[in-house]
Amino acid sequence: MHEEKSPRKIPFLQGFLCLLVVLLASFPSCSFAASRSSATKKKASASSVIFPVSGNVYPKGYYQVTVNIGQPPKPYFLDIDTGSDLTWLQCDAPCAKCTPAPHSPYKPNKNLVTCKDPLCVSLYWPTSHQCESLDQCDYQVEYADRGSSLGVLVQDLFPLRFTNGSISAPRLAFGCGYDQEIPGPNPPYTDGVLGLGTGKSSILSQLNGLGLTRNVIGHCLSVQGGGFLFFGDDLVPSSGIVWTSLSSNSLEKHYSVGPADLFFGGQASGVKGQSIVFDSGSTYNYFNSQAYNAVVSLLKKDINGRKQLQDAVDDKSLPICWKAPKPFKSILDVKSYFKPLALVFTSAKNVQFQLQPEAYLIVTKQGNACLGILNGTEVGIGKFNVIGDISLQDKLVIYDNEKQQIGWASANCNRLPNVDRDYSEGYYQPYSANFNILEGSCPATLWLH
Ligand SMILES: *[C@@H]1O[C@H](CO)[C@@H](O)[C@H](O)[C@H]1NC(C)=O
Ligand SMILES: *[C@@H]1O[C@H](CO)[C@@H](O)[C@H](O)[C@H]1NC(C)=O
């Protein structure tokens, strides 16, 4: 979850930014808005893009994809974040405050987005945005975990291979971040963030605006690490997915759904009418204090009643940890000690999001089980309950902005639909990816074509 703010002024960077503006003036090729509107009608031929994902919930704390940007293209590792809109890279603008990253910072090159550009306006929506004297689009993103990125919007080529075999390099806008705060003892080791939120500035909205993909994202994050991410709707199974509508509040910038009631071990917990946000940029879940207090007290009551587990106060991995008589070896070992949680959506029949114990606990290096649900009220998340990576694992999760709905199904995320191999061998074949969908009525086979 994030919010954009009016950026602080960084006086010593203005010399550099002036230079960019002057260069831009002699290359008046920023026809982004124009090309966007003229291409909107081409949706019929829209295809998809698949990215292999790497990373895990513990110990890494994030999932990333490799995105190639620029000409010649260079690879960047980006943290996948459905909780924020703006994609940004650490940027040599020069970098006032860059954090350790796998690749050298992106070098901007005559490619500033102007302050009047609709994309810049959309970054600030719903607050009005004021253009400063310089013809550039300043941005500042602050994340709920107190990290932030400050910079300017630029645009560059994103070479992408589509599932229909064609290659295209659309010019997309993203943030060139020259001042980053990354919180916590274990910050993600990436070059930036891939913002996949609902806003117009997200890479997905831009691809959709150009008529290249449908406004749909899916991810499948494996409990064993890795998985895949896709843009477009070609890989969405036609059955087996449980869908729920996105909240219609137009001020809502997140993928939020609800209302949902919280169940513990198949019993109503008394926590009702909750708003749920799906956020792949969050490692753990954040529940508001009502839901958090209920979960913590129900879990403690259950655990204390069974007298098998003890508090592991010496394990600082997360605020609440338990130890078993013998250290847990794998996440599968927690199953017999903990009950499942479920979010039961009340606006439709039979729609629930299950959180099996392995979807809300981690097993730490010390062999303890720690609660992967954190107190959202402490970080100022308000009424929301954020569902992070820990509970999105081993599920195919689809964010469908076309139909304004989110869907999920249990899935084996270890197998990437193997487009790479099929195309590199020089022939095209429909490839059937067996997602092994367990929840829902029918098994689904996905076809790439
Ligand atoms: C393949 O998909 C891309 C992206 O949607 C589209 O631009 C292109 O026209 C498609 N190619 C064919 C041959 O359909
Ligand atoms: C969660 O945080 C709120 C606000 O700081 C606090 O009032 C509440 O007691 C916390 N809940 C638990 C179980 O610690």
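Read the numbers this way: they start at 1 and go in the same order the structure lists the ligands and their atoms.
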Thr377 heavy atoms within 4.0 Å reach ligand 2 at atoms 4 (C)
Ligand 2 to Asn293, heavy atom cutoff 4.0 Å, flagged ligand atoms 10 (C), 11 (N), 12 (C), 13 (C)
Of Val295, Asn375, Val296, the one whose closest heavy atom lies nearest atom 8 (C) of ligand 2 is Asn375
Review point. Does Ser269 use its side chain to pair, donor to acceptor, with the backbone of Leu262 at less than 3.5 Å?
Key: yes
inquiry  = For Phe345 together with Trp408, are the ring centres under 6.0 Å from each other?
reply    = yes
Near-ring test Tyr255/Phe278, centroid separation under 6.0 angstrom
no
Counting from 1 in the order shown, the ligand 1 atoms closer than 4.0 Å to a non-hydrogen atom of Ala46 are 5 (O)
- Does the ring center of Trp88 lie less than 6.0 Å from the ring center of Tyr139? no
The answer for which part of Ser47 has a heavy atom under 4.0 Å from ligand 1 is both
Ligand 1 to Leu212, heavy atom cutoff 4.0 Å, flagged ligand atoms 4 (C), 5 (O), 7 (O)
Closest to atom 2 (O) of ligand 1 (heavy atoms only, candidates Asn208, Leu210, Asp234, Asn164) is Asn164
Exactly one candidate in Thr198, Asp400, Asn401, Asp233 meets side chain to side chain donor-acceptor pair (under 3.5 Å) with Asn215; the answer is Asn401
closest protein heavy atom to atom 5 (O) of ligand 2 is Glu378 CG, 3.6 Å
**Message:** Would you say the ring centers of Phe328 and Tyr337 fall short of 6.0 Å from each other?
**Reply:** yes
